Amino acid sequence: MVAVKENLMEIQADIEQAARRAGRNKEDINIIAVTKYVTIERAKEALSAGIVHLGENRNEGFLAKFEEIRDSATWHFIGSLQSRKVKDMIHHIDYIHSLDRKSLAKEINKRAEKTVPCFVQVNVSGEESKHGLDEGEVESFIKDLATFEHIQVAGLMTMAPHVDNPEETRPLFRKLRLLRDRIKGLGLDYAPCEYLSMGMSNDYEIAVEEGATHIRIGTKLVGSEI
């Protein structure tokens, strides 16, 4: 398996070029290593290569890695989160990328002891297989979070379809950016909505060109072992 450091250098070069094309600063783009399909050792290799952010989408996998790595990483929960499992991980996670319903917001707010930055997940593609709010529901959903003192809406997140031509994802990423701009423009203290979590191994360059601040890369960065 190729060393994470080699993969990271290639991805960073891609990001730098995409950022330059878009007139952006490469430092504004955070790479999240999605470690759900790799061992704890491979996750540690990612950290040694210079990765700061690790992303997990299952409680069990996250908790196992957290026990070994703890605060050496900034932790992102990027999968669909069941309300009943919030209590197990809420005190360890730094960001949640999948806030998509009021019941989950209530559980996060109830269990958290400090403010939790959350990305509201939006289903911009309209696929039935994808989680997330419809575009038209996002503003009212975020306004309804005003009384949830432990939730900060840090940004929006989406998962684009996996397509052969990554260029096809551009309109979806652009749609999320425009929605983010609209929410940010509301000037809500609890919802600064500065960030965009979008783009994965097959389409991260397009996502960067369209404004992504957090890209979630698994296979191309750390591979798949499990």
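Worth saying up front: this structure is predicted, and the values here are computed from it rather than measured.
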- Query: Between Ser197 and His97, do the side chains contain an N or O donor and an N or O acceptor separated by less than 3.5 Å?
  - Reply: yes
- Query: Got a salt bridge between Arg174 and Glu210, using NZ or NE/NH1/NH2 to carboxylate O under 4.0 Å?
  - Reply: yes
- Message: Could you check whether Glu107 pairs with Lys85 (Lys NZ or Arg NE/NH1/NH2 to Asp/Glu carboxylate O, under 4.0 Å)?
- Response: no
- Message: For a ring-ring contact (aromatic ring centres under 6.0 Å, His included) check, start with the C-alpha distance between Trp75 and Phe62, then their side-chain angles and the critical distance, and finish with the verdict.
- Response: CA-CA 9 Å; Trp75 293 98; Phe62 161 67; 5.3 Å; yes
- Query: Would the number of heavy atoms belonging to other residues, nucleotides or ligands and lying under 6.0 Å from CZ of Phe173 be above 12?
  - Reply: yes
- Less than 4.0 Å between a side-chain N and a carboxylate O, is that true for Glu205 and Arg21? yes
- Task: Tell me, with the steps shown, if Thr35 and Glu56 meet side chain to side chain donor-acceptor pair (under 3.5 Å).
- Result: CA-CA 6 Å; Thr35 53; Glu56 285 284 328; 2.6 Å; yes
- Query: Do Thr115 and Gln152 get their side chains close enough for a donor-acceptor pair, meaning under 3.5 Å?
  - Reply: no
- Short N-O contact, Glu45 and Arg42, less than 4.0 angstrom: yes
- Would you check if the distance from the ring center of Phe119 to the ring center of His76 is below 6.0 Å? no
- Message: Ignoring hydrogens and geometry beyond distance, is a side-chain donor-acceptor pair present between Asp100 and Ser98 at under 3.5 Å?
- Response: no
- Answer yes or no: are there more than 12 heavy-atom neighbours, outside Asp189 itself, under 6.0 Å from its atom CG? no
- Is the number of heavy atoms from other residues, nucleotides or ligands within 6.0 Å of CG (Asn25) greater than 12? yes
- Salt-bridge test for Lys65 and Glu68: reply yes if a basic N is under 4.0 Å from a carboxylate O, no otherwise. no
- Task: Indicate whether the side chain of Gln121 and that of Thr158 have a donor and an acceptor atom separated by less than 3.5 Å.
- Result: no
- Message: Within the supplied structure, the quantity of interest is the number of heavy atoms (other residues, nucleotides, ligands) at a distance under 6.0 Å from His131 NE2; does it exceed 12?
- Response: no
